[in-house]
Structures are given as structure tokens and as C-alpha cells.
There are 2 protein chains.
Amino acid sequence: MPSRKRAYPFVSAGDADIARTAAIFADPARAAMLTTLLDGQPHAISELARCADIALSTASEHVARLRSIGYVETQRRGRMNLVLLVQHDVVTAMEAIARIAPRVPVSSLRGDERRRSLERARLCYDHLAGELGVELFASLTRQGALRTIAIPKNSRKVHAGLGAVTLGPRAKCTFKALDIDLDEVRCSHRQFATACVDWTHGRPHLAGALGSSLRDRFERTRWVERTHETRALRITPAGRRALARLFAIDL
Amino acid sequence: MPSRKRAYPFVSAGDADIARTAAIFADPARAAMLTTLLDGQPHAISELARCADIALSTASEHVARLRSIGYVETQRRGRMNLVLLVQHDVVTAMEAIARIAPRVPVSSLRGDERRRSLERARLCYDHLAGELGVELFASLTRQGALRTIAIPKNSRKVHAGLGAVTLGPRAKCTFKALDIDLDEVRCSHRQFATACVDWTHGRPHLAGALGSSLRDRFERTRWVERTHETRALRITPAGRRALARLFAIDL
DNA sequence: GCCACACTTCGGCGGTAACCGAAGTGTGAC
DNA sequence: GTCACACTTCGGTTACCGCCGAAGTGTGGC
């Protein structure tokens, strides 16, 4: 962060003000609040304060700032003030930053019930992760809906050993059956489909716009349900049946 | 930036450390240096210092930090120390941040020679912009190599009035003729193809991995040449001929 | 009316980190 | 050797901004 307001150097005239924007995400508390908001649901400010482990007054100030730049909108519900993420490109930016970010060491949740439910099925930003996400990715690849492209040998940097993800020959059919309109997904300005390595299983799950749509589909049809204030997901009986029928997955 | 080292809140355990990573980009000087480095060329530290308008000693410190986290590598050349961007996902992150960033007001370069050459042809991060970039985008769309998808009416947010960009029916043929391997381009982890609105012309030019490849092709064959220490590009006579022949463009 | 609760605003504190100049290191030219 | 030059390291300064608690506002319940 600048220690002094500087004149902007020539190179950035007419360009985007990257520094000022990155500063929004550069605070742990704000980043935690935004991460919570990535799920697309409205959250009370007090809840965001708890997520970020800061005083309510501080959280309120952060929300005011995020609102002033148009990232979130707030809506009074009784005496609560619900916060909703409305600038969807924020998701893209956070995903891109996350790709080059080191992982926060996971130490606090060892061996208990909570950890097991997170390993089973959870949200990773706004897409499905955990065993559920990993198995879905594998199934979609098996049935030819997704294709992973091997990295060419002359590539300079190998990103966690993963190639790119594109649609396979059966994509249209598979996603149509899931009521997902691929053209509409493409219209989101974020990375269309990408693989994200799961910290619980070390195998890839589907991220990007397509991953988000898939998660949306799973939630709308109540194949999975949110659990209170964690990112763990509960797979419903209907979800279990759908997984077996459509993806040959038995968790 | 944190004013105090905080315990990371629960929500981010196992997740990426977004705040610490965003902090790298959150300083105007570092952002300017990185923007300069986006062109993929090696730059001397003194040059970066000039770009960012800071003391050499400060620039040296920034480079040391960027090197310690693996974003750049340095290589001694005589008494100079050349800096090269090696973590390519940094480009993606900066592009994603730039998309949601306000523009730096462009005031200092009105009406002079420099401005005109920037309007003609220049780099926007690592792809072609200015009249050249805008006309190329239009030509590629005309000949069916690119296709822009209209935004569906129910979309919540319109991003600068632009839909997504995908390949058109003639893509394979057109890009093969340019010696661009689409599968290889797909392997980069960044957004495959996207439209970026040009600040000089208000019309889109091609960004993303494909835009970068195109720029690379134009440079390798010397259709365009860098000018010293600005992002303006000079179109060579060979480039002019190629533009007329392959794209029916006459600048 | 009264209280409880969710949030907002304000004042003041404190620590991080960006900055610079000066001194130190290493390379190249002569 | 001597000087010039590109960079590195160090010490000290400064200012931004994230933080909190306290006081203020507005809504809902009784």
C-alpha cells in the first residue's frame, strides 16, 4: 500500500488502476468477508463480522466501502442489513488471485466431525469441491463431457500439474440434460472452465463459470443443501439418487 | 493491508491467502513495475524505477520481494540486472483485477505526437490495442474466426456492453494460417479469449490468451516493433502488407 | 413508553510498509 | 589502479488505514 499519495507514473495513464483495486482485496478481513459473500447469498453484517473475526463496527465500515465502489448492495430486512455481492467480476478476480496465492495452513480443524463433512462435500468459492466435486469432475471426464488438455512439453511453467479444461464431444448433451445453457455460461466474463486442485483430496474439481453453474444447478434442485455458517454441503437423498443415476457416483 | 497480524478467520482455512497475494498488487509502484514487465521482455531495474517514478533503491527492494515469491527472475547482464516475469498466472490476475478497476484519468498526454502513436497501435498489457487492435478484432469477427455472443436479457450485470468471445467456424483455418496452435493457447490457465474495451476508440480489441498469442505472432514476424520505453508500437512495412493481405485492413 | 438489538458514526490509537538518501558491493572501461 | 555506473543494503522517517470502544440512530417487540 502506498505510504504517500503518488502521482501515477506514465505507464498507467489510460489504464486500469490496478493498485487501488487490489487494495480492496489486500486486507484479510475484507477478503474473508468477500469470500463469504462469494456464495451469492445475502449475509447480515454481524455474520460477516464473525466470519472475519472483527468488531461489528469495523465490518460495518468495510461494507460501507464495498458498497461505495459498487461491489455489494445492502437491503434492510427488519433491523438487519443484508449484504449481497452484485459485482460478479469480483468472483473472477478473486479466483485469479487465488490461483497464484499460497494456501493458508489448515491446522485448526483436525480429525473432527466438521472436517469430515468438509471433506465430503463443500463449497470452494462458488463451486462444488470435496469428494463430491472431485468425483463429479472425474465422471464428467469419463463420459466425454469434459476434456483435459495435456500441457505441451515446451510450456514454461507447469501449474500444479494440470492442463486446461475444455468441453468434450458429449458436452452439449450432458449439460443440456442438466438444464445448463452453455452459451449463457460463456457470457459470464470469467474463465469458462478450469480445474482447481482440491486441498482435501489432491485431485481436481471443476471451477470457473461452468463449475459455478453446476453448483447452481445442484442447489436449485436441492441435490445439495448449505449447512449453517460453514462451507460444508449436505447431499440430500434426491441428490444421492441423481448422482448415482446421472454420474454413476456412490458416495 | 493489515495493521496487525491477525489469526486467519475460519472461513479461509485451507483456502488461498487472497489478502497477502492481493497486497503485492496493491502498491502503485509495484503495479506499475509489473505492468511494464507484462510484455514478457527483460527490463533493467533502473528502467522499472523510472516507469514507477521511484528511487532506484526502492525499485531494487520491490524486485527482491517479487523474486522472493517467484514472480520474477533476475539475470545479471554486465553490471545490469535484468528482470523477467516468470509466473505467468500473474498476467491473468492483473487482467482480472483490471476488469473491475476504474481507469486512471488520462490527462498528461493530450494532443501531442506521443498520444497519436498510442492511438494508432500499442500494447494493452500483453495484447494489441489502439486502432490496430480494434480493426483486427473487427476483421477476425467479419471473417468468422471470432464470434461474440450477445448477453441474454436476464443477465444481471452488463459488463461494458460486451458479450463473450468464442471461436467462430473459420477459427481453425484462420489461426492455423497465422501459425497459432489453438490447443496450446488453451493450455495457458488464463481466460481464453475476451474483449477489452479500448480507451482510445471505445471499441473492443482481443484480450486474453488468444490476444497474447496474436501479439506474439505479430512481434515474432516483425509486423510490429516496440518503441523505446512507451507502449506504442510501430507497424513495419511488412506488417502493413500482411494486414492488407490477411485482414483487409489499411491503416 | 420502554428496552433490546442491529447497525452506523466518530475519535483516537498503533503498526506495517513504502519511501529516500547514504554507504557499500561488484562489474566494466580505460 | 581509478573511475563510472548499476545495483544492494541499511537506517530512519512518515503516513495511511485497519482496528476498537463509545456514543448515536433506527427498527421491532412488549
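Letters A, B, ... mirror the listed sequences (proteins, then strands); counts begin at 1. The figures that follow rest on heavy atoms only: side chains count, while hydrogens, waters and symmetry mates do not.
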In whole angstroms, how far is the [atom2] atom of [N] from the [atom1] atom of [X]?
{"X": "Met80(B)", "N": "dA29(C)", "atom1": "CE", "atom2": "P", "answer": "11 Å"}
{"X": "Leu48(A)", "N": "dC19(D)", "atom1": "CG", "atom2": "C1'", "answer": "17 Å"}
{"X": "Arg76(B)", "N": "dC7(D)", "atom1": "CZ", "atom2": "C1'", "answer": "7 Å"}
{"X": "Glu47(B)", "N": "dC5(D)", "atom1": "CD", "atom2": "P", "answer": "18 Å"}
{"X": "Ile54(B)", "N": "dT8(D)", "atom1": "CD1", "atom2": "P", "answer": "12 Å"}
{"X": "Asp27(B)", "N": "dT14(D)", "atom1": "CG", "atom2": "P", "answer": "19 Å"}
{"X": "Leu66(B)", "N": "dA18(C)", "atom1": "CG", "atom2": "P", "answer": "11 Å"}
{"X": "His43(A)", "N": "dC7(C)", "atom1": "NE2", "atom2": "C1'", "answer": "18 Å"}

Q.
Quick one: does any side-chain atom of His88(A) pair with a main-chain N or O of Val86(A) as donor and acceptor, under 3.5 Å?
A. yes
Q: Measure from the side-chain N and O atoms of Ser212(A) to the backbone N and O of Gly208(A), and report whether any donor-acceptor pair falls under 3.5 Å.
A: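 The answer is no, because no donor-acceptor pair under 3.5 Å joins these two groups.
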Which part of the nucleic acid, if any, lies within reach of [X] when heavy atoms closer than 4.0 Å are counted: base, sugar-phosphate only, or nothing?
{"X": "Arg65(B)", "result": "sugar-phosphate"}
{"X": "Ala44(A)", "result": "sugar-phosphate"}
{"X": "Ser46(B)", "result": "sugar-phosphate"}
{"X": "Ser57(B)", "result": "base"}

Q. Does a salt bridge link Arg215(B) with Glu219(B), judged by any charged N lying under 4.0 Å from a carboxylate O?
A.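 Looking at Arg215(B) and Glu219(B), the cut-off is met.
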Q) Toward the 5' end of DNA chain D, which comes first, Gly78(A) or Leu56(A), by nearest nucleotide? A) Leu56(A)
Q.
Side chains of Arg67(A) and Thr74(A) only: does a donor on one sit below 3.5 Å from an acceptor on the other?
A. yes
Counting heavy atoms from C-beta on, name the nucleotide in [options] closest to the side chain of [X].
{"X": "Asn81(B)", "options": "dT9(C), dC19(C), dT8(D)", "result": "dT8(D)"}
{"X": "His62(A)", "options": "dC19(D), dT8(D), dC20(C)", "result": "dC19(D)"}
{"X": "Glu61(A)", "options": "dA18(C), dT9(C), dT9(D)", "result": "dT9(C)"}
{"X": "Ala29(A)", "options": "dC19(D), dC20(C), dT27(D)", "result": "dC19(D)"}
{"X": "Arg30(A)", "options": "dC7(D), dA29(C), dG18(D)", "result": "dG18(D)"}
{"X": "Arg79(B)", "options": "dC10(C), dG26(C), dC7(C)", "result": "dG26(C)"}

(Q) So which atom in Pro204(B) and which in Ala195(B) form the shortest heavy-atom distance, rounded to 0.1 Å? (A)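 For Pro204(B) versus Ala195(B), the nearest heavy atoms are CB-CB, 4.0 Å.
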Q.
Is the phosphate of dT8(C) approached by Ser60(A) (side-chain N or O, under 4.0 Å from OP1 or OP2)?
A.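 So the side-chain polar atoms of Ser60(A) do come within 4.0 Å of the phosphate oxygens OP1 or OP2 of dT8(C), strictly under.
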